[in-house]
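Accompanying notes for the structure given below.
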Amino acid sequence: MKISMNWINDYVDISGLDMKKLALDFTMSTAEVEEVEFVGSDIKNVVAGKILTCEEIPESKKLHKLTVDTGDGIVQCMCGAPNAKAGIIVPFAKMGGKVLGMEIGQAKLAGYDSFGMCCSGKELGISDDHSGLMILDENTNVGTDIKEILPIEDVIWEIDNKS
């Protein structure tokens, strides 16, 4: 069984505690913590971005050419998500940012330059959904760091529930 420490913290204040020591103490007194996984700490330079334009690319079956407001500028981005459209606010990994353990850099797709990446929940590590972009609330401030909006950083305990 996996348990989110963000969820536990909603009920018991565990802020400031050493998660590895807490897991060891829990193992010694209650049930075995088989694994402690720190998630989300590798997500860097991802902000709420507003898609301003979305153009289909005739040479491609699924790619769109987007312009995205990142809060500190407007960039061009290529995106293959089926739900990409103008007007939505999505998590946007800026150049130099990190998602999925890889650094985001300039890329060329279908002959067009792409300067960042619009993200799904799976790419942020908070969902298994990779069917399209994660759409944020329409009132989200563009340019806000995604970690201020979503509980991306978490510690997950895998507990032996066979006892």
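Values below: every heavy atom of this structure, side chains too, minus hydrogens, waters and symmetry copies.
Counted within 6.0 Å of CD on Glu59, heavy atoms from surrounding residues, nucleotides or ligands total more than 12; the atom is thus considered enclosed. Annotation: Lys98, atom NZ; neighbour count of heavy atoms from other residues, nucleotides and ligands within 6.0 Å does not exceed 12.
Side-chain contact check for Trp157 versus Ile8: every heavy-atom pair is 4.5 Å or farther apart. Contact annotation: the side chain of Lys94 approaches that of Asp72 to within less than 4.5 Å [non-hydrogen atoms, C-beta and beyond]. By the 4.5 Å heavy-atom criterion applied to side chains, Ser120 and Leu133 are not counted as neighbours.
Ile89 is connected to Met117 through a chain of hydrophobic side-chain contacts under 4.5 Å among Ile, Leu, Val, Met, Phe, Trp and Tyr, so both are in one cluster. Leu63 and Ile51 end up in different hydrophobic clusters when Ile, Leu, Val, Met, Phe, Trp and Tyr side chains are linked at under 4.5 Å. Residues Phe26 and Leu22 share a single hydrophobic cluster, defined by chaining ILVMFWY side chains whose heavy atoms lie under 4.5 Å apart. With hydrophobic clusters built from ILVMFWY side chains whose heavy atoms lie under 4.5 angstrom apart, Ile159 shares a cluster with Val36. Residues Val12 and Leu24 do not share a hydrophobic cluster, clusters being chains of Ile/Leu/Val/Met/Phe/Trp/Tyr side chains in contact below 4.5 Å.
For the atom pair His64 NE2 and Leu109 CG, the distance stands at 13.5 Å (nearest 0.5 Å). The NZ atom of Lys65 lies 13.0 Å from the CD atom of Glu56; values are rounded to the nearest 0.5 Å. Taken from CG in Leu124 to CG in Asp129, the straight-line distance is 11.5 Å, to the nearest 0.5 Å. For the atom pair CD of Glu37 and CD of Glu158, the computed distance is 8.5 Å after rounding to the nearest 0.5 Å. Atom CD1 of Ile88 is separated from atom CD1 of Ile135 by 4.0 Å, given to the nearest 0.5 angstrom. Distance check: Leu66 CG to Gln76 CD gives 9.0 Å after rounding to the nearest 0.5 Å.
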Carefully, step by step, assess Phe92 and Val75 under the rule side-chain contact (heavy atoms from CB on, under 4.5 Å).
-> CA-CA 11 Å; Phe92 184 78; Val75 297; 3.5 Å; yes
Trace of the side-chain contact (heavy atoms from CB on, under 4.5 Å) decision for Lys2 with Ile156 | CA-CA 6 Å; Lys2 292 188 177 189; Ile156 309 294; 3.9 Å; yes
Applying side-chain contact (heavy atoms from CB on, under 4.5 Å), run through Ile14 and Met19 and close with a yes or a no.
-> CA-CA 9 Å; Ile14 59 172; Met19 288 295 116; 3.9 Å; yes
Under the side-chain contact (heavy atoms from CB on, under 4.5 Å) criterion, do Ile104 and Val46 qualify, and how do the steps go?
-> CA-CA 10 Å; Ile104 303 301; Val46 178; over 6 Å; no
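The shortest non-hydrogen separation linking Gly132 to Pro82 is CA-CD, 4.2 Å. Pairing each heavy atom of Cys118 with each of Cys77, the nearest pair is N-SG, 4.0 Å. Looking at every heavy atom in both residues, Ala86 comes nearest to Thr53 through CB-CA, 4.2 Å. Heavy atoms only, all atoms of each residue included: Ile57 and Met78 are closest at CD1-CE, 2.7 Å. Asn45 and Gly96 make their closest contact through ND2-C, 4.3 Å (heavy atoms, listed as atom of the first residue, atom of the second, distance). Contact detail for Val90 and Leu136: the closest heavy-atom pair is C-CD1, 3.8 Å.
Side-chain atoms of Asp154 come within 3.5 Å of backbone N or O of Met5 as a donor-acceptor pair. Side chain of Asn141 to main chain of Thr144: no donor-acceptor pair is present (N/O by atom type, distance under 3.5 Å, no hydrogens or angles). No side-chain donor-acceptor contact under 3.5 Å links Asp160 to the backbone of Glu34. At least one donor-acceptor pair closer than 3.5 Å links the side chain of Lys44 to the backbone N or O of Ser41. Proximity of a side-chain donor or acceptor of Thr27 to a complementary backbone N or O of Val33 within less than 3.5 Å is detected.
In summary, Asp113 and Lys108 engage in a salt bridge, as defined by a charged side-chain N under 4.0 Å from a carboxylate O.
Residues forming a salt bridge (Lys or Arg N to Asp or Glu O under 4.0 Å) with Asp13 (at least two apart in sequence, or on another chain): none.
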